[in-house]
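Side chains included, hydrogens not; waters and symmetry mates left out as well; all remaining heavy atoms used. Position 1 is the first residue of the sequence, and the numbers go up from there.
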Amino acid sequence: MITDLSSVKRPIAQANGLPNAHYTDPATFAEERDAVLHASWTGLAVAADVPENGDAKPLEFLGLPLLLIRDKDGAVRVFQNTCRHRGMILVSEPRKIDGAIRCPYHSWCYSTKGQLVATPHVGGPGQNTHAEMDRDTLGLIEIRSHIWRDIVFINISGQALPFEEVHAELIARWAEVDQPLYHGGPASAFQLPVDTNYKLAVENYCESYHLPWIHPGLNSYSRLEDHYNIDAPGKFSGQGTLVYRQLQGADGGRFPDFDGLSAQWDEGAEYVALYPNVLLGAQRDHAFAIILEPRSVDHTVEHVHIYYARPDVDDALRQQNAELWRGVFEEDIFVVEGMQKGRYGPGFDGGRFSPAMDGPTHCFHQWVADRILDHRQAHAAE
């Protein structure tokens with residue numbers, strides 16, 4: 001199915017949202033996988049998943065087997081988790097690589113930097129080399145990656161412009177809070193499986209319109225009128241608040257602030273969707289990242305990670321904060337799952353946008369449409 005995206009490209013007051021097929025049809029989802037998720041800088045994991053040299057964690061991204069590893073010199077890398085000999089999966093469980101990455105099939109071995117370093121019996125019994133086997137060309141296939149705010153972004157196609165160029169505007173906007181981040185530990189990392197297309201989670205996150213009805217607790221002190229839209233067409237979108245209330249423990253304690261912040265962060269905070277699948281929150285005393293892992297056209301896993309300005313924040317307060325955010329994010333589940341079900345209504349035309357309130361969502365729809373149209377044009381020229 002080739003979807004008609006012309007109505008998505010209209011100005012917001014006349015635009016429709018993306019057609020239903022982009023949320024329900026596996027073939028359309030496959031096109032979007034290539035045009036959007038593989039072609040962009042897409043969130044995969046966090047560097048905190050592999051905290052020590054030699055730590056390795058196998059992952060999948062839409063069926064692509066990947067290996068997240070911190071090499072012996074401390075650099076975080078992403079490889080295809082596939083032996084170059086017969087295609088065997090190299091690492092099946094998270095573990096420490098003490099020496100080399102050894103294939104469990106024929107014991108070909110790779111360094112933590114991906115080089116092929118051993119090929120036992122490849123030339124016959126007891127012969128570990130062969131003139132026709134060039135180890136220098138048979139290292140692990142490395143996936144282009146970049147780390148920002150501890151998030152490991154990957155560009156599977158290898159064709160995207162450099163991350164710092166693509167996201168220069170947000171990097172500059174958040175320069176004050178672009179400081180060392182300390183992961184809050186196991187209690188500050190949790191997953192929320194949701195039966196929805198990943199885009200609906202992005203759409204819901206980047207607008208504040210729904211706050212009075214879906215998040216009454218937040219809205220009781222950070223009201224709808226205290227929020228503003230963040231629209232950066234072709235780049236990112238989201239919302240900000242002028243009323244951020246710091247969490248306070250029973251003893252009056254609070255989390256330490258990031259250093260040297262200007263007055264805008266005293267009571268302000270910003271929540272940005274970094275296309276295509278990373279949701280970010282920045283406040284004066286902590287930050288979070290949500291990496292949306294699309295498992296299929298209608299199923300997503302939200303990986304939530306919470307960070308602090310110091311490594312030694314109060315454990316009880318940290319636990320309280322994680323529970324607070326989990327509660328907020330869980331409030332959204334019935335909404336994104338309900339919109340997913342609604343997308344199976346054949347008469348739904350993608351919906352309309354409030355020109356005043358839905359700018360961030362419209363920005364995202366147009367960005368997705370542009371990526372798909374560019375992909376179609378490139379393939380039509382081949």
Side-chain angles (χ1 to χ4, degrees), residues 30 33-34 37-148 150-160 162-163 183 186 189 191 291 293-296 301 303 305:
R33 174 199 62 203
D34 296 339
L37 296 166
H38 283 188
S40 306
W41 285 106
T42 302
L44 173 70
V46 294
D49 286 333
V50 285
E52 298 179 353
N53 294 1
D55 284 350
K57 182 177 182 179
L59 300 165
E60 279 195 12
F61 188 81
L62 291 172
L64 176 62
L66 299 174
L67 182 64
L68 178 71
I69 189 167
R70 191 176 291 270
D71 71 24
K72 66 181 183 64
D73 293 322
V76 175
R77 298 170 177 268
V78 180
F79 297 106
Q80 286 192 28
N81 190 15
T82 307
C83 181
R84 296 296 301 276
H85 178 211
R86 304 305 308 145
M88 179 66 180
I89 293 295
L90 293 165
V91 179
S92 57
E93 299 290 340
R95 63 183 177 90
K96 174 82 72 177
I97 305 296
D98 293 320
I101 305 166
R102 186 186 69 83
C103 177
Y105 193 12
H106 297 95
S107 286
W108 282 29
C109 295
Y110 303 85
S111 76
T112 57
K113 295 179 181 290
Q115 297 103 330
L116 179 60
V117 294
T119 50
H121 309 304
V122 73
Q127 302 298 314
N128 298 331
T129 61
H130 191 283
E132 300 299 323
M133 299 296 294
D134 182 4
R135 290 183 184 176
D136 291 340
T137 64
L138 291 172
L140 297 181
I141 298 169
E142 186 161 7
I143 303 297
R144 189 180 180 204
S145 63
H146 183 88
I147 298 175
W148 185 59
D150 199 51
I151 302 158
V152 181
F153 293 87
I154 56 172
N155 173 227
I156 294 171
S157 73
Q159 300 302 309
F163 182 92
H183 196 282
Q191 292 77 47
I291 299 171
E293 179 195 356
R295 292 278 180 90
S296 65
V301 177
H303 298 267
H305 298 272

Shortest non-hydrogen contact between [X] and [Y], atoms and distance:
{"X": "Met133", "Y": "Trp108", "result": "CE-CH2, 3.3 Å"}
{"X": "Gly139", "Y": "Arg84", "result": "O-NH1, 2.7 Å"}
{"X": "Phe79", "Y": "Thr112", "result": "CE1-O, 3.7 Å"}
{"X": "Ile151", "Y": "Gly43", "result": "CG2-CA, 4.4 Å"}
{"X": "Gly158", "Y": "Arg144", "result": "O-NH1, 3.5 Å"}
{"X": "Ser111", "Y": "Ile101", "result": "O-CD1, 3.7 Å"}

Is a side-chain N or O of [X] found less than 3.5 angstrom from the main chain of [Y], in a donor-acceptor match?
{"X": "His121", "Y": "Asn128", "value": "no"}
{"X": "His130", "Y": "Glu132", "value": "yes"}
{"X": "Arg70", "Y": "Gly74", "value": "yes"}
{"X": "Asp71", "Y": "Arg77", "value": "no"}
{"X": "Asn81", "Y": "Val91", "value": "yes"}
{"X": "Arg102", "Y": "Cys109", "value": "no"}
{"X": "Asn155", "Y": "Gln159", "value": "yes"}
{"X": "Lys96", "Y": "Asn53", "value": "yes"}
{"X": "Asp73", "Y": "Ala75", "value": "no"}

Phe61 vs His38 aromatic rings, parallel, tilted or perpendicular, using cut-offs 30° and 60°?
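Aromatic pair Phe61/His38 classed tilted.
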
Once you measure the plane-to-plane angle for Phe163 and Trp148, does it fall in the parallel (<30°), tilted (30-60°) or perpendicular (>60°) bin?
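Plane angle between 30° and 60°, so tilted.
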
Give, for atom [atom1] of [X] and atom [atom2] of [Y], the distance between the pair rounded to the nearest 0.5 Å.
{"X": "Leu138", "Y": "Thr119", "atom1": "CG", "atom2": "OG1", "result": "9.0 Å"}
{"X": "Arg86", "Y": "Cys103", "atom1": "CZ", "atom2": "SG", "result": "11.0 Å"}
{"X": "Leu116", "Y": "Cys83", "atom1": "CG", "atom2": "SG", "result": "7.5 Å"}
{"X": "Ser145", "Y": "Trp41", "atom1": "OG", "atom2": "CH2", "result": "7.0 Å"}
{"X": "Thr42", "Y": "Glu293", "atom1": "OG1", "atom2": "CD", "result": "12.5 Å"}
{"X": "Ile97", "Y": "Leu67", "atom1": "CD1", "atom2": "CG", "result": "7.0 Å"}

Compare all side-chain heavy atoms of [X] with those of [Y] and state whether any distance is below 4.5 angstrom.
{"X": "Ile89", "Y": "Pro58", "value": "no"}
{"X": "Leu140", "Y": "Leu90", "value": "yes"}
{"X": "Arg135", "Y": "Thr129", "value": "yes"}
{"X": "Gln127", "Y": "Val122", "value": "no"}

Is the number of heavy atoms from other residues, nucleotides or ligands within 6.0 Å of CD (Glu93) greater than 12?
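Atom CD in Glu93 is not packed in, count stays at 12 or less.
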
Might you work through the side chain to side chain contact (heavy atoms under 4.5 Å, CB included) test for Leu68 and Val76, ending with a clear yes or no?
CA-CA 7 Å; Leu68 178 71; Val76 175; 3.6 Å; yes

Applying side chain to side chain contact (heavy atoms under 4.5 Å, CB included) between Leu44 and each of Leu66, Ile291, Ile143, Ile156, report the one that passes.
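Single side chain to side chain contact (heavy atoms under 4.5 Å, CB included) partner of Leu44 among Leu66, Ile291, Ile143, Ile156: Leu66.
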
